[in-house]
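We name chains A, B, ... by the order of the sequence lines, and we start the count at 1 in each one.
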Amino acid sequence: MKNILHNLNPEQLSAVTLPVKSALILAGAGSGKTRVLTTRIAWLIQTGQLHSSAILAVTFTNKASKEMITRLEDMLPVNIRSMWIGTFHGLCNRLLRSHHIDAGLAANFQILDSNDQLSAVKRLLKSLNIDDENYSPRDLRSFINSCKEQGLRAADINVNHSYNQKFIELYKLYDQQCKSEGVIDFAELLLRTYEILVHNQSLREYYQSRFQHILVDEFQDTNNLQYKWLKLISSCSGTVFAVGDDDQSIYAFRGANVGNMKTFEREFLVEKVIKLEKNYRSYGHILSSANTLIANNTKRLGKNLHTDAGLGELIKVYESTNDLQEGKWIVEETKSLIRKGINLSEIAILYRSNAQSRVIEHALFSAGIMYHVYGGQRYFERAEIKHAIAYLQLIENPHNNTAFLRVVNFPKRGIGIRALERLQNIAKEHNISLYSAIPKMTGKSLTMLRVFFKLIEEGCSKAKHLPLPEIVMSVLDMSSLIKYYQGEKEGTDRIENLEQLVNAATLFLAEENLEASTPATLIPKYQPKNVISLSNSKASPQIVENDSLPLTEIMSPLSAFLSYASLESGNGQEINGKDALQLMTVHSAKGLEFDTVFITGLEEGLFPHENSKNEDAGMEEERRLMYVAITRAKVRLYMSFSQNRMLHGQVRHNVRSRFFNELPEDSLEWSLPKSQQYTQLSNEFSNNKYVPKNTVHKIGWYIGENVFHLKFGEGVIINIEGTSINARARINFVKYGVKLLDLNVAKLEKVH
DNA sequence: GCCGGGCTAATTTTT
DNA sequence: TTAGCCCGGC
């Protein structure tokens with residue numbers, strides 16, 4: 001038997017070997033969090049405390065769950081399959097497929113990704129003739145999602161606001177629309193699962209007794225529904241082992257609630273919180289910067305990272321006049337790093353928002369330095385792939401109107417908007433899907449629509465006999481998608497992508513361990529009677545066995561593949577053999593580490609971002625984001641800011657980020673001596689082409705200065721026009737935006 | 001049905 | 001600046 005516990009530090013060891021009770025592990029950046037999580041699972045199984053089927057491990061991303069599976073396979077000789085490891089969404093998908101009848105869903109329900117959801121919402125609004133900017137599709141979508149993430153149905157929401165009233169009504173109609181089309185959105189996967197567990201006692205008790213230990217990764221990212229879900233499924237015999245880092249909570253904007261950690265500690269009666277504070281990633285200066293910075297946050301559970309590695313290099317801070325210069329500086333530093341023998345792929349350039357990559361890319365491109373920008377389009381989100389998937393969805397479920405509208409006239413079949421409007425009216429009138437409405441159409445568009453109808457119909461019958469990869473192949477052919485792109489100027493890449501889809505299907509089947517030739521079969525697996533009888537301890541072998549089947553066994557391979565495609569957007573950029581510089585937002589850097597990290601654009605308004613500066617919570621999240629950025633670096637850390645930056649088509653004057661004041665002086669190495677900073681600053685301003693040279697002294701105000709106005713509050717001078725008596729300042733006020741004020745009239749105060 | 005001009009708004013992102 | 005959206009003209 002492998003000694004899986006060797007080389008664990010005392011804190012890690014105590015976390016790994018905790019008794020099977022609810023526990024909270026505060027795992028700092030680079031403290032071996034994943035290791036603890038996987039080793040604990042292995043330890044529980046190896047010591048015979050739990051059967052592998054009693055374990056549920058939940059992550060947020062597919063990447064994280066894959067990583068966990070890989071590591072476990074390395075540690076354990078047993079079959080990982082019997083364990084439930086996956087993302088919240090993936091696990092809920094599995095549960096809903098197994099219990100689709102209880103959930104009131106068709107066996108082959110399809111999953112809307114957020115774009116699909118948006119078009120579904122748009123279609124709903126259109127069908128109701130709502131063209132009011134107060135009810136924009138995007139707002140409605142986020143309203144619906146945030147309701148679902150709170151566990152609220154339209155009927156549950158208090159009607160006390162006229163604005164709400166309409167949204168609630170629309171939310172209800174949206175759910176009806178989804179139901180009749182046989183589709184569900186991401187949030188619905190979770191909510192629906194939660195609801196069937198609440199409403200179906202035998203089902204609930206079955207899973208409650210089955211999962212005795214539930215391990216949750218990145219607990220700080222859970223939203224309220226996920227928390228409720230965990231609480232429900234773990235009550236009775238279950239316990240939750242939560243691992244997270246409140247200091248790395250950077251997803252509040254999409255519903256994550258850090259407060260869940262404190263609530264968890266209280267409600268799950270956690271006796272002792274274990275902190276993993278030993279960092280195995282970064283050198284001392286980097287770590288103390290992170291510690292000092294994050295100490296400025298008030299709402300923390302408390303944690304301080306330390307390392308055995310020495311202090312290492314100082315953090316290099318660079319101040320530039322403008323963003324172009326910042327780009328050049330990155331190029332120069334990169335070149336010198338290359339000379340030191342550092343691989344480009346070990347260097348990351350981080351920024352707060354995607355728009356900032358442009359200037360940097362330009363500089364790198366001109367210098368001939370290879371780079372790779374993360375966050376591009378993912379494989380399954382590419383237009384051509386979405387088209388192919390839509391055909392596949394229609395074959396599996398022709399009533400999916402979102403898929404229908406996506407491809408009914410793509411490639412062109414001469415089916416225009418007029419025809420579709422009529423079709424939609426017929427469908428609405430008879431309360432049927434667009435597909436079913438086709439035979440009821442009249443006029444010449446009927447002919448065209450019939451062609452499409454036949455196409456789908458033939459696809460359906462073919463799908464019954466062919467193995468998955470061949471279904472995909474035949475769809476590419478019969479849809480004429482390939483033919484269409486052959487006629488396009490830049491279609492080669494798209495054709496390549498489409499052909500990749502066949503490989504993706506083959507690969508998917510292989511991973512699901514299934515013979516490619518198995519025909520689609522659907523066996524009802526869940527027998528409520530059995531479950532009731534086993535509510536005490538051991539689950540019947542039959543049910544355990546069913547629970548561990550690959551998805552392709554409980555639904556058609558095509559259906560399984562489609563859900564995989566929706567839930568796994570596909571690492572758009574994963575295989576990248578080239579040695580290239582890594583460019584990404586700070587958000588997407590979370591969980592990664594690099595030898596060298598550049599944090600760029602450290603300016604007030606950018607990082608921390610303007611929109612977050614007003615409330616405390618927003619500011620603290622920005623600080624955590626900065627903390628995440630810093631802790632990505634192993635050996636070398638660079639930070640830069642620029643006095644001027646092109647933003648929204650305008651040159652903006654920025655002040656360096658407040659975060660610099662929150663870092664330890666001793667760990668920083670300014671590229672200009674600190675004493676010269678402010679002298680330098682005013683020189684730069686007076687040399688600036690936007691300011692007449694001598695205005696600084698004559699007027700007594702300078703660009704970039706923080707000011708306070710009685711009515712408008714705080715702001716920054718972004719430009720000064722005219723001189724002496726005519727002098728006016730363009731001031732960017734935090735709350736009121738840009739105003740032009742006469743400096744001789746306006747009562748401005750300096751803010752220090 | 002398609003193209004182009006004008007307008008507007010402008011973080012962060014996984015499933 | 002630029003991407004996305006809407007509208008009008010062909």
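- Contact annotation for A:D113: no contact, since no heavy-atom pair falls under 4.0 Å across all strands.
- The distance from atom CD1 of A:I111 to atom C1' of B:dT15 is 9 Å, rounded to the nearest whole Å.
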Sequence-aligned protein contact record of nucleotides 2-10 of chain C, with B where the base is within under 4.0 Å of a protein heavy atom and S where only the sugar-phosphate is
SS-------

With side chain to side chain donor-acceptor pair (under 3.5 Å) as the test, would you mind laying out the steps for A:S612 and A:E622 before giving the verdict?
CA-CA 7 Å; A:S612 309; A:E622 292 291 307; 3.0 Å; yes

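- Other residues, nucleotides and ligands contribute at most 12 non-hydrogen atoms within 6.0 Å of the NZ atom of A:K179.
- Look at the P atom in both B:dT13 and C:dG4: the space between them is 15 Å, to the nearest Å.
- A cation-pi arrangement is found for A:R254 relative to A:Y251, the charged atom lying closer than 6.0 Å to the ring centre and inside a 45° cone about the ring normal.
- Between A:E218 and A:K33 a salt bridge is recorded (basic side-chain N to carboxylate O distance below 4.0 Å).
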Determine, for nucleotides 3-12 of chain B in 5'-to-3' order, which nucleotides have protein heavy atoms under 4.0 Å from the base (write B), from only the sugar-phosphate (write S), or from neither (write -).
-------BBB

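- For the segment residues 408-417 of chain A, the set of residues with a heavy atom within less than 4.0 Å of an atom of DNA chain B comprises A:K412, A:G416, A:I417, in numerical order.
- Summarising the geometry, the separation between CZ on A:R94 and C1' on B:dT15 is reported as 17 Å, rounded to the nearest angstrom.
- Using a distance-only test at 3.5 Å, with no hydrogens or angles considered, no donor-acceptor pair links the side chain of A:S249 to the main chain of A:D246.
- Shown here is A:R153, whose CZ atom has more than 12 heavy atoms of other residues, nucleotides or ligands within 6.0 Å.
- Going from atom CZ of A:R141 over to atom P of B:dT13 covers 14 Å, rounded to whole Å.
- Residues A:E384 and A:Y485 bring no donor and acceptor atom of their side chains to less than 3.5 Å of each other.
- In this structure, A:E218 places its CD atom 14 Å from C1' of B:dT15, rounding to the nearest Å.
- Scanning atom types as modelled, no donor and acceptor separated by under 3.5 angstrom connect the side chain of A:S566 and the base of B:dT15.
- Ring planes of A:Y638 and A:F598: parallel class, angle under 30° (limits at 30 and 60°).
- Cation-pi geometry between A:R97 and A:F109 is satisfied (NZ or CZ under 6.0 Å from the ring centre, within 45° of the ring normal).
- In this structure, CD of A:Q377 is placed 14 Å from C1' of B:dT13, rounded to the nearest angstrom.
- Applying salt bridge (charged side-chain N to carboxylate O under 4.0 Å, His left out) to A:E603 and the options A:R656, A:R652, A:R352, A:R645 leaves one that passes, A:R645.
- Separating the CG atom of A:D116 from the P atom of B:dT15 is a distance of 15 Å, rounded to the nearest angstrom.
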Residue pair A:D116, A:R123: steps toward the salt bridge (Lys or Arg N to Asp or Glu O under 4.0 Å) verdict
CA-CA 10 Å; A:D116 296 337; A:R123 186 151 41 80; over 6 Å; no

